[in-house]
Protein chains: 2
Amino acid sequence: MEALTRKQRELIEREDLILQAAHDLLLERGYHGLTMERIAKAIEYSKGTIYQHFRCKEEVISALASRYLEKQLAMTERAASYEGRTRERIAAIGEGLEIFIRLHPDEVRILQIIKSETVSEKASEECQAAMKAVEFQAMATVAAIVHAAVLDGDLELAPDTPPEAVSFGLWAIVSGGHANILRDLPFQEVRIGDPYAVTMNTCDILLDGYGWRPLSTEWDYARTRERARWTLFAKEARRLCGEECPVRAAEAR
Amino acid sequence: MEALTRKQRELIEREDLILQAAHDLLLERGYHGLTMERIAKAIEYSKGTIYQHFRCKEEVISALASRYLEKQLAMTERAASYEGRTRERIAAIGEGLEIFIRLHPDEVRILQIIKSETVSEKASEECQAAMKAVEFQAMATVAAIVHAAVLDGDLELAPDTPPEAVSFGLWAIVSGGHANILRDLPFQEVRIGDPYAVTMNTCDILLDGYGWRPLSTEWDYARTRERARWTLFAKEARRLCGEECPVRAAEAR
DNA sequence: ACAAATAATGACGTTCCGTCATACAATAAC
DNA sequence: GTTATTGTATGACGGAACGTCATTATTTGT
C-alpha cells in the first residue's frame, strides 16, 4: 500500500512535470515547436517514459486543456453560487470568466489550440469526450440559472425558446469574443479600447433583449460584478490588479 | 503576350487543381492526412511542382481559406445592398451567412482549421495579413450599416459605445455559434433543434437589446430574410432547398 | 535544328513520430 | 547476501512527411 502510494505519487508528480513543460513549450514555440523529444529533455527523462503517460503528443495537449477547462468550470460554479437575483448570478459568471482570461490568457490560448480540429483529430475519443463533458457541465450550470429565472418570473421566454437557447447565445458571445480577442486584431483602429468590456457589455445587452429583469438600465450590474469580484474571486482579483482592492482601499480612507 | 497569357492560364488552372485536391483531402483525411505527396498524386504532378505555387502546406490551406473568405465577403456585401431599413440589411446579412454555412459547411470547417494558431503559425505574414484584411472588410461593412442606423435615428448608442461594438457582438455570436455548431455537440439533448436558427435569433435579440428600430416585436424579420433569400440569393437558395422556392410554389397554386 | 531558358521531377537530408528490444533498478524469494 | 522476478527507463530504429536542389525534360527563340 505504502509503496503503491509512493509510486503513484511519483507518477502524478511526473505527469505534472510533463504538463508544465508542455505548457511552456507550447507557448514559446507553438504547436509545431512542441515535440516529445523537447519535453523529454526539459524534464530530464527519455521520450519513451512520456509515452507511458500519454498516447501521443495531442493527448498531452488534451490533458493540459482538460485541466484548464476544469479550472474554468470551477470558477463558473463558484460564480453561480453568488447570492442575489438570477441575473446577478449570470453577471458573476461573466466576471469570473473575464478574470480567468485576463489572469491566464495563456491557458485560454491553449484551450483554443486543442479545440481546433487539427489537434483534436488525433486525440482519442475518451480524451475528447472528457473535455466535452466538462464544457457541457458549464453550459448546464448557466442553463439552470436561466431556468430558475423563468420559474421565479424574472424572465419570460417565447414558447419556442428553450432556456438552453439563452445559454447557447451567451456561450457564443463569450467564446467567439475571446477567440477574436486572442487573435489580436487591431481593435484600437475601430475605437474598441477594451474588447473584454465590449464582450461583457454585449452579454448584458443580449439579456436586456430577452427582457431578463432587472434590466441593465434598472440595476447596476457593474456593481454586482465588483461585489462578485471581491467576495468570490478575491484571491484571483488581487493577483490581477496587484494586491490592490479598490473597495477596501476606499474604505481604509 | 499570347504565350505569357497561356502560361499564366496554365498556372492558374493548376493552382485550382491543387486547391481542389487539397480541399478534398482536408475533408476526407483531416489536416494531418493532407500531405504534399498526396496532393501531387491526386493532380498527377510531382511534389516539387506544388512548391512552385506554395511555400508550404499551411499556405495551401491559407489560399483555400482566402478564397472562401472572399466568397463569404461577397455574399455579405451583396446582402448589405438589400433595399430597406438598416436593420433589415443586417437581417439580410445574417440570412446570407446562414445560407453560406448551410450550403458550404465544408468550407466553413476549413476556415476554422486555418484560423487555429496551429496552422497559421506556419503561414507567412502576407498570407495572414491578406486573410485578416478580408475579414476586416466584412466587419467594416456591418459597422457601416450600424453607423447609418445611428445617423438616421433608428439606433441610439450610449456615448461610450462605438458602432463597431455592435458589429463585434454580432460577429462574436455568429462565429462563436458556428464554431460550436460544427463541433457537433449533442444539441438535441438540450432541446435546441436547429442551432442555426438559434444563432440568428440570438442576433435579433441582441439588436432588440440595443433598441435598434424597428424591434423584432414590431417587424417581421423572418419575412425580411425570406425576401432577401429569394431576391438576393435566389441561386444559392434554390440549390439549398432543391430547386424548390416556397414563395413561388405558393404563388403557382 | 540547335542553343538558351524555363519548368518538372524525385532522390536526398532532416526532423519527428511512436515502437520495442535491451539495459537497468527495485522488490521478492531463497 | 545472492539470485530470480518483476517492473521501469532508455534511445536506437523504421517509417512518414517536409522542403530542397541537382538533374532531366520541355519549351522558346533564333
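Naming convention: chains lettered A, B, ... in sequence-line order (proteins, then strands); numbering from 1 in each chain.
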Which whole-number value in Å describes the distance from [X] [atom1] to [N] [atom2]?
X	N	atom1	atom2	result
B:Arg14	C:dA8	CZ	P	4 Å
B:Glu59	D:dG19	CD	P	10 Å
B:Phe54	D:dT20	CZ	P	15 Å
A:Tyr45	C:dA23	OH	P	22 Å
A:Gln52	C:dC20	CD	P	13 Å
A:Met36	C:dC16	CE	C1'	11 Å
B:His53	C:dT6	NE2	C1'	14 Å
A:Glu37	C:dT14	CD	C1'	14 Å

Quick one: does A:Ser116's side chain get under 4.5 Å of B:Val119's, heavy atoms only?
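Side-chain contact under 4.5 Å: no.
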Would you call [X] and [Y] a salt bridge, taking side-chain N to carboxylate O under 4.0 Å as the test?
X	Y	result
B:Glu236	B:Arg78	yes
A:Lys41	A:Glu37	no
B:Lys115	B:Glu135	yes
A:Asp16	A:Arg67	yes

How is [X] classified with respect to the nucleic acid when contacts are heavy atoms under 4.0 Å: base, sugar-phosphate, or nothing?
X	answer
B:Leu11	nothing
A:Thr35	sugar-phosphate
A:Lys47	base

If you check the B:Arg38 side chain, which of C:dG18, D:dC18, D:dA17 turns out closest?
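From the listed options, D:dA17 comes nearest.
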Counting side-chain heavy atoms from CB outward, which of D:dG19, C:dA8, D:dA9 is closest to A:Ser46?
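Output: D:dA9.
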Under 4.0 Å between a side-chain N or O of A:Lys122 and OP1 or OP2 of C:dG18?
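Yes, A:Lys122 has a side-chain N/O under 4.0 Å of OP1/OP2 on C:dG18.
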Are OP1 or OP2 of D:dG19 and a side-chain N or O of B:Tyr51 less than 4.0 angstrom apart?
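Yes, B:Tyr51 has a side-chain N/O under 4.0 Å of OP1/OP2 on D:dG19.
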